[in-house]
Amino acid sequence: MRLGRWLTVALVGLIGLYVAGVGTLYVFQRDFLFIGAVRANNAPPPPPGYRDVRMAATDGTPLRAWFKPPALGKPVVLFFHGNGDTIAGSAAAVQPFTDRGYGALLPEYRGYGGMPGRPSEAVLAADARVAQHWLARMGVTDARTVLMGYSLGSGVATQLAVEIRPGALILFAGYASIDQVAAARFWFVPVRWLLKDHFDTASKLSKVTAPVLLLHGTADRTVPFDNLALLKRARSDAASVTFPNIGHNLVYLPEVSGRAIAWLDMLGASKTARAELPL
């Protein structure tokens with residue numbers, strides 16, 4: 001009897017710990033997902049060639065971005081960074097593109113880099129539209145815009161690519177959904193029932209009409225490599241490049257940006273050839 005009681009007490013205690021742990025994950029899930037928003041940091045001044053752009057969200061929240069104008073005839077990269085980064089990291093990621101004359105608009109997320117507000121999937125999607133509308137007012141058409149997303153930002157970029165028709169969409173370390181990534185990490189928790197922000201990139205990718213490039217490292221422990229196959233299944237005609245033994249930070253590597261630039265050059269040459277075909 002005594003043993004039975006101890007087992008019952010132990011079982012109840014374990015269940016209580018499990019429920020408490022799950023409750024903690026549920027309550028603080030956005031702190032885990034948008035980790036950069038809980039860090040005390042301020043973005044440095046814009047790098048040379050960029051200017052600081054201030055915008056307002058649809059609800060009046062102040063927004064910030066860095067903008068570098070393109071060279072004549074070059075597209076503009078609209079880049080969305082990862083969950084632990086800021087626009088300073090965005091500037092480093094797109095430097096190989098801006099060195100070749102591409103323009104760049106680098107929006108900051110709410111709560112990141114000293115900006116006010118709290119991020120969520122819906123909020124980041126709405127703020128991405130504000131950035132795109134700003135580009136349009138600057139005379140940059142959708143066709144001259146290359147959407148890029150890294151890690152968390154791949155979901156933001158894909159959502160915007162569904163709403164407009166950019167010149168191209170490039171995802172670095174993209175995920176099928178946050179559900180997929182969280183389920184792999186927290187296998188003992190029913191994450192699909194608990195998540196507030198799903199970023200279901202795979203289901204949206206099939207609705208994107210622009211050319212798509214997917215780049216992923218096989219040693220990625222943050223967004224497991226099997227997400228690439230899931231994205232390819234959703235968009236079978238997407239170009240993809242696998243980088244053996246490279247981890248999650250592939251967006252900053254010259255060999256990765258070099259492949260993306262080569263793909264964009266190929267797209268540009270293809271469009272020029274089509275435009276020159278006789279009627």
* Asked: What is the minimum heavy-atom distance between Q180 and S177, and which atoms define it?
  -> N-OG, 3.0 Å
* Check for a donor-acceptor pair, side chain of Y175 on one end and backbone N or O of T201 on the other, with a separation under 3.5 Å. => no
* Rounded to the nearest 0.5 Å, what's the gap from CH2 on W134 to CG on L63? Could you check? => 13.0 Å
* Quick one: do D179 and H198 satisfy side chain to side chain contact (heavy atoms under 4.5 Å, CB included)? Show the steps, please. => CA-CA 6 Å; D179 304 47; H198 298 276; 3.0 Å; yes
* Using only heavy-atom distances, determine whether the side chains of S203 and D200 contain a donor-acceptor pair under 3.5 Å. => yes
* Ionic contact status for K204 with E121, cut-off 4.0 Å -> yes
* Asked: In the single-linkage hydrophobic clustering (I, L, V, M, F, W, Y; side-chain heavy atoms under 4.5 Å), do L230 and L169 co-cluster?
  -> no
* **Within-4.5 Å side-chain heavy-atom neighbours: F67 and M138** => yes
* Structure fact -> To the nearest 0.5 Å, atom OG of S240 lies from atom CG of L171 at 11.5 Å
* If you draw a 6.0 Å radius around CZ in R259, do more than 12 non-hydrogen atoms from other residues or ligands fall strictly inside? -> no
* Shortest non-hydrogen contact from V130 toward A56 -> CG1-O, 3.7 Å
* To do: Kindly compute the distance separating CG (L160) from CD1 (I164), expressed to the nearest 0.5 Å.
  => 4.5 Å
* **side chain to side chain contact (heavy atoms under 4.5 Å, CB included) between F34 and R110, intermediate numbers included** => CA-CA 10 Å; F34 305 108; R110 298 189 193 197; over 6 Å; no
* Report yes if the side chains of F199 and V156 come closer than 4.5 Å at any heavy-atom pair, otherwise no. => yes
* Would you mind reporting whether R144 and V76 have side-chain heavy atoms less than 4.5 Å apart? => no
* Just do the salt bridge (charged side-chain N to carboxylate O under 4.0 Å, His left out) check on E108 and R54 with the steps written out, would you? => CA-CA 10 Å; E108 187 56 285; R54 300 296 170 140; over 6 Å; no
* Asked: Which residue pairs pass the salt bridge (Lys or Arg N to Asp or Glu O under 4.0 Å) test when at least one of the two sits in residues 227-253, sequence neighbours left out?
  -> R235-D237
* **Closest contact, heavy atoms only, A210 versus P166** => CB-O, 3.3 Å
* Asked: What pair of heavy atoms forms the shortest contact from V223 to G174, and how long is it?
  -> CG1-O, 3.4 Å
* Asked: Do I35 and V123 sit in the same hydrophobic cluster, where Ile, Leu, Val, Met, Phe, Trp and Tyr count as joined when their side-chain heavy atoms come under 4.5 Å apart?
  -> no
* Asked: Quick one: does T61's side chain have a donor or acceptor within less than 3.5 Å of a partner on A57's backbone?
  -> no
* D127/R64 salt bridge by N-O under 4.0 Å criterion -> no
* Which atoms form the tightest heavy-atom contact between P62 and P116, and what is the distance? -> CD-CG, 3.9 Å
* To do: Take T242 and L228 through the side chain to side chain contact (heavy atoms under 4.5 Å, CB included) test and state the conclusion after the steps.
  => CA-CA 9 Å; T242 296; L228 177 63; 3.7 Å; yes
* State, with a plain yes or no, whether a side-chain heavy atom of L147 is found less than 4.5 Å away from one of I170. => no
* Report yes if the side chains of F243 and L215 come closer than 4.5 Å at any heavy-atom pair, otherwise no. => yes
* Option among L264, V146, V241 that satisfies the side chain to side chain contact (heavy atoms under 4.5 Å, CB included) test with L213 -> V241
* Can you tell me how far the CZ atom of R165 sits from the OG1 atom of T145, to the nearest 0.5 Å? -> 13.5 Å
* Structure fact -> The single option from W66, Y109, Y150 that satisfies ring pair (Phe, Tyr, Trp, His ring centres under 6.0 Å) with H81 is Y109
* D220 side chain vs G217 backbone, donor-acceptor pair below 3.5 Å -> no
* When you measure from the side chain of T218 to the backbone N and O of N245, does any donor-acceptor pair fall under 3.5 Å? -> yes
* **N227 (side chain) donor-acceptor with A176 (main chain) under 3.5 angstrom** => yes
* To do: Verify the ring-centre separation between H216 and F172: is it less than 6.0 angstrom?
  => no
* Structure fact -> One should read off an interatomic distance between S120 OG and K196 NZ, to the nearest 0.5 angstrom, of 10.0 Å
* Asked: Is there side-chain contact between L231 and L205, with heavy atoms separated by less than 4.5 Å?
  -> yes
* Asked: Stepwise, does the side chain to side chain contact (heavy atoms under 4.5 Å, CB included) test hold for L78 with M148?
  -> CA-CA 6 Å; L78 178 50; M148 293 187 189; over 6 Å; no
* Is there a side-chain contact between F80 and L106, using heavy atoms and a 4.5 Å cut-off? -> no
* For P70 and P75, work out which heavy atoms get closest and say how close. => CB-O, 3.7 Å
* Less than 4.5 Å apart, any side-chain heavy atom of R129 and any of E163? -> yes
